[in-house]
Amino acid sequence: MPANPSEVMPPLLAAYAGRRQATPPVWFMRQAGRSLPEYRASRARTAMLDACLEPELAAEITVQPVRRHGVDAAILFSDIVVPLKLAGVDVDIVPGRGPVFARPVRTPADLDHLVAHELHPEALAPIEAAVARTVERLGATPLIGFAGAPFTLASYVVEGGPSKDQLRARTLLHADPVAWGRLTAWLAGVSGAFLAAQVRAGARAVQLFDSWAGALSEGDYRAAVLPASARALAAVPGGVPKVHFGTGTALLLPAMRDAGADVIGVDHRLPLDAASALLEHRVPLQGNVDPALLAAPWPVLERHLEQVVTAGAAAPAHVLNLGHGVPPTTDPGVLTRIVDWMHSRV
Ligand code: CP3
């Protein structure tokens, strides 16, 4: 959706465009989730994937952390496997575990079965409705749309569920490059369509989550993963900033930029000044408060926040976020305190 030219650009979008703010805007990955009592109440009677497909409920949950914390962005309440579900794939999200597939891709027949699924544009209607309702409620606060990157999705699809080191996916990538190419191209199509639908309905930025890309060498990433991620990102209508995030990606940041990202999300393992140097100080960064420190005493967390903001000043612009998602056990008051701390710093 084109921005209204008379509107002042929200701080998040200014930072994503590379414009340094007096104070970095702030939001949290997984800000809509179990750390919020109002989220737990909203979800009490509804399974995760059903909640994602109920526009009114998804919109309400998306707006909850904006209301409570005053963050500078909302991110759509959904999941990386939602577009696969909408394509008819038998997948569920098991509480405490994550996405589980009824038919993991282990044989050529499994792959043929998976890629025969098509994501029809009409199937995305509940997502578009959730985005439209959310945007209506958010006023000037921008909504971020998102999708899973082909490698991270492939790791779930091939394993059948969560895995520690993405072993089966990395085996397939080498053992059968043709099958790997078909799988990741199909996933790129599905994730690209999911991103494009969210933007058409009003999302003003997108983030591609390649949470497990850090399992790859740079060579394997560039040869066997980057082309599919680039394809997913290329599906986003022009002019909409694209954030690319993964964990353990210190060796991959330039490659992740080369996939077509405008902004790079960094996890807690790499200080932002080091990340910025790897990107020749040309790319806005998002990150990278260690989620573990959310449970530390405030003075310890505050010292860490200072370090993150100071290191972030090395980049053209910085959006304060965590290095990964909000742990469900987080005291939500701590998140509000971080937002207030950031907004009141001059
Ligand atoms: O950031 C946000 O607030 C937006 C919502 C969001 C969810 N999942 C909601 C969710 C986003 C951006 C995601 C992305 C996602 N999903 C990723 C990439 C980001 C990351 O964390 O690395 C991945 C790998 C998944 C897969 C997934 N879905 C996992 C591992 C889990 C956790 C399972 C569990 O119970 O611990 C989910 C479920 C999920 N997705 C929840 C939420 C709020 C928890 C569901 C619940 O409340 O029971």
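We count ligands from 1, going down the list as the structure has it; atoms in each ligand are counted the same way. The structure displayed is predicted, hence computed values, not measured ones. Atom set for the values below is all heavy atoms of this structure, side chains included, hydrogens, waters and symmetry mates excluded.
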Put together the list of close N/O pairs, under 3.5 Å, between ligand 1 and the protein, could you?
{"unit_1": "ligand 1", "atom_1": "1 (O)", "unit_2": "Arg30", "atom_2": "N", "d": "2.5"}
{"unit_1": "ligand 1", "atom_1": "3 (O)", "unit_2": "Arg30", "atom_2": "N", "d": "3.4"}
{"unit_1": "ligand 1", "atom_1": "3 (O)", "unit_2": "Gln31", "atom_2": "N", "d": "3.1"}
{"unit_1": "ligand 1", "atom_1": "3 (O)", "unit_2": "Ala32", "atom_2": "N", "d": "3.1"}
{"unit_1": "ligand 1", "atom_1": "8 (N)", "unit_2": "Arg30", "atom_2": "NE", "d": "3.3"}
{"unit_1": "ligand 1", "atom_1": "8 (N)", "unit_2": "Asp79", "atom_2": "OD1", "d": "3.1"}
{"unit_1": "ligand 1", "atom_1": "16 (N)", "unit_2": "Arg30", "atom_2": "NH2", "d": "3.4"}
{"unit_1": "ligand 1", "atom_1": "16 (N)", "unit_2": "Asp79", "atom_2": "OD1", "d": "2.9"}
{"unit_1": "ligand 1", "atom_1": "21 (O)", "unit_2": "Arg30", "atom_2": "NH2", "d": "3.3"}
{"unit_1": "ligand 1", "atom_1": "21 (O)", "unit_2": "His324", "atom_2": "NE2", "d": "3.3"}
{"unit_1": "ligand 1", "atom_1": "22 (O)", "unit_2": "Ser211", "atom_2": "OG", "d": "2.4"}
{"unit_1": "ligand 1", "atom_1": "22 (O)", "unit_2": "His324", "atom_2": "NE2", "d": "2.6"}
{"unit_1": "ligand 1", "atom_1": "28 (N)", "unit_2": "Asp79", "atom_2": "OD1", "d": "2.7"}
{"unit_1": "ligand 1", "atom_1": "35 (O)", "unit_2": "Arg34", "atom_2": "NH1", "d": "3.3"}
{"unit_1": "ligand 1", "atom_1": "35 (O)", "unit_2": "Arg34", "atom_2": "NH2", "d": "3.2"}
{"unit_1": "ligand 1", "atom_1": "35 (O)", "unit_2": "Gly96", "atom_2": "N", "d": "2.6"}
{"unit_1": "ligand 1", "atom_1": "36 (O)", "unit_2": "Arg34", "atom_2": "NH2", "d": "3.0"}
{"unit_1": "ligand 1", "atom_1": "40 (N)", "unit_2": "Asp79", "atom_2": "OD1", "d": "2.8"}
{"unit_1": "ligand 1", "atom_1": "47 (O)", "unit_2": "Tyr39", "atom_2": "OH", "d": "2.6"}
{"unit_1": "ligand 1", "atom_1": "47 (O)", "unit_2": "Arg43", "atom_2": "NH1", "d": "3.0"}

Decide yes or no for Asp267 and Asn288: does some side-chain heavy atom of the first lie under 4.5 Å from some side-chain heavy atom of the second?
-> no

Asp273 and Ser276 side chains, donor-acceptor separation under 3.5 Å = no

If you link ILVMFWY side chains whenever their heavy atoms are less than 4.5 Å apart, which other residues fall into the same cluster as Val94? By chain and number, please.
-> Val100

For Pro25, what residues pass the side chain to side chain contact (heavy atoms under 4.5 Å, CB included) criterion, not counting sequence neighbours?
-> Pro11, Ala15, Gln21, Asp72, Val319

Could you tell me whether the side chains of Thr247 and His324 share a donor-acceptor contact shorter than 3.5 Å?
-> no

Glu38: salt bridge (Lys or Arg N to Asp or Glu O under 4.0 Å) partners, not counting sequence neighbours = Arg68

